[in-house]
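These notes concern the structure reproduced below.
Fair warning: this is a prediction, and the values are worked out from it, not measured in the lab.
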Amino acid sequence: MKSSEPNQTNGFYEACLVLVRSQGLQAGRIQNALATIWRRALIYDDWERLRVTSGLADSEVAENLRQTVVFDLMQSLTSREDCAELWLPAAEAAVVPPVEEISARFPQYSGAQVNDLRRDYEREQRLLVQHLESSNLEEIYEEIKSLAVAAGAM
């Protein structure tokens, strides 16, 4: 697992707040930005390591999950009522924006730069899909969500 200070979201929560404050953005652009935020948060931690729980007490497993960037992001979102619509299921984060959306978002980029960015998004997508398929990430995601909601209710 990569190092993560308690309550550190590595900018993911702050990026979500920017979306909350953004006005006039098309719904599709907001959804693509949200998918990118969650995709990057979900590929940040070492899910292969986190899925191995044999020999660990339930409290140790829960503590390991609380140390993830995804937990920090979820707990931060839970603390604000205006962020409820920013929760995105893990599988939905695997969606990559079309080239036209990337071009509209970055009009200063050349066609080659847009294609490079698209390839970067596709690499992130492949990594997330790999985690979804091999690490039981959706199940772990739901466990983390339960922990974050419980922590937010305290």
Side-chain angles (χ1 to χ4, degrees), residues 1-22 25 28-80 82-98 101-102 105-106 109 113-154:
M1 183 166 41
K2 296 179 177 123
S3 175
S4 176
E5 297 294 322
N7 297 321
Q8 175 193 14
T9 60
N10 295 321
F12 301 117
Y13 174 63
E14 290 82 7
C16 285
L17 292 180
V18 169
L19 287 178
V20 167
R21 292 187 298 262
S22 296
L25 285 181
R29 184 175 280 184
I30 290 172
Q31 193 62 28
N32 285 328
L34 192 57
T36 298
I37 292 166
W38 278 99
R39 184 174 56 253
R40 290 177 178 169
L42 286 161
I43 64 175
Y44 188 88
D45 292 298
D46 185 353
W47 300 110
E48 290 296 321
R49 188 185 75 73
L50 288 165
R51 78 178 180 89
V52 178
T53 59
S54 61
L56 297 177
D58 288 348
S59 60
E60 292 174 296
V61 172
E63 184 55 33
N64 287 342
L65 296 178
R66 282 187 199 96
Q67 293 177 12
T68 64
V69 167
V70 171
F71 175 84
D72 286 342
L73 176 56
M74 288 180 172
Q75 186 178 25
S76 297
L77 291 175
T78 300
S79 70
R80 293 183 55 125
D82 60 346
C83 291
E85 72 277 2
L86 300 180
W87 288 73
L88 194 67
E92 289 182 32
V95 175
V96 173
E101 175 67 31
I102 298 169
R105 170 67 181 90
F106 300 102
Y109 283 15
Q113 289 172 310
V114 168
N115 288 331
D116 288 344
L117 186 54
R118 171 72 184 198
R119 279 191 292 277
D120 288 343
Y121 287 159
E122 288 170 346
R123 274 192 290 275
E124 294 171 355
Q125 177 189 44
R126 282 191 301 275
L127 184 54
L128 178 55
V129 168
Q130 177 185 352
H131 289 313
L132 288 166
E133 292 173 351
S134 68
S135 303
N136 277 345
L137 182 54
E138 286 185 276
E139 183 178 314
I140 296 169
Y141 176 95
E142 290 302 322
E143 287 180 50
I144 294 172
K145 184 176 179 179
S146 295
L147 291 169
V149 169
M154 294 178 172

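One distance of note links CD of Glu122 with CG of Leu127; it measures 14.0 Å at 0.5 Å rounding. For the atom pair Thr68 OG1 and Leu50 CG, the distance stands at 7.0 Å (nearest 0.5 Å). To the nearest 0.5 angstrom, Cys16 atom SG is 9.0 Å from Glu14 atom CD. For the atom pair Asp82 CG and Leu19 CG, the distance stands at 11.5 Å (nearest 0.5 Å). We find the NZ-CD1 distance between Lys145 and Ile140 to be 15.5 Å, quoted to the nearest 0.5 Å. The structure places CZ of Arg80 at 5.0 Å from CG of Leu17, a figure rounded to the nearest 0.5 Å.
Using a 4.5 Å heavy-atom threshold, the side chains of Tyr13 and Asp72 count as separate. Side-chain atoms of Tyr109 and Val114, non-hydrogen and from C-beta on, do get closer than 4.5 Å to each other. You'll find the side chain of Leu128 reaches within 4.5 Å of the side chain of Leu137, heavy atoms only. With contacts defined as side-chain heavy-atom distances shorter than 4.5 Å, the pair Thr36/Arg39 qualifies. In this structure, the side chains of Glu92 and Gln31 come closer than 4.5 Å at one or more pairs of heavy atoms. Side chains of Cys83 and Thr78 form no contact here, defined as non-hydrogen atoms less than 4.5 Å apart. The closest side-chain heavy-atom distance from Leu86 to Ile37 is not below 4.5 Å. The shortest side-chain heavy-atom distance between Leu42 and His131 does not fall under the 4.5 Å cut-off.
Of all non-hydrogen atoms in Leu147 and Ala62, the two that sit nearest each other are CD1-O, 3.8 Å. The minimum heavy-atom distance between Trp87 and Trp38, with the atom names listed, is CA-CZ2, 4.1 Å. Ala91 and Glu138 get closest at one heavy-atom pair: CB-OE2, 3.7 Å. Minimum heavy-atom separation, Gln75 to Ala148: N-CB, 3.7 Å. The minimum heavy-atom distance between Leu88 and Ala35, with the atom names listed, is CD2-CA, 3.5 Å.
In this structure a side-chain-to-backbone donor-acceptor pair under 3.5 Å is present from Gln125 to Ala94. When atom types are taken as modelled, the side chain of Glu60 and the backbone of Ala57 share a donor-acceptor pair closer than 3.5 angstrom. Under the 3.5 Å distance criterion, the side-chain polar atoms of Trp47 are left unmatched by any main-chain donor or acceptor of Ser134. At distances below 3.5 Å, not a single donor-acceptor pair connects side-chain atoms of Arg51 with backbone N or O atoms of Asp46.
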Check the pair Phe71, Ile144 against side-chain contact (heavy atoms from CB on, under 4.5 Å), reporting the backbone distance first and the verdict last. CA-CA 6 Å; Phe71 175 84; Ile144 294 172; 3.7 Å; yes

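Within 6.0 Å of CZ in Arg105 there are 12 or fewer heavy atoms belonging to other residues, nucleotides or ligands.
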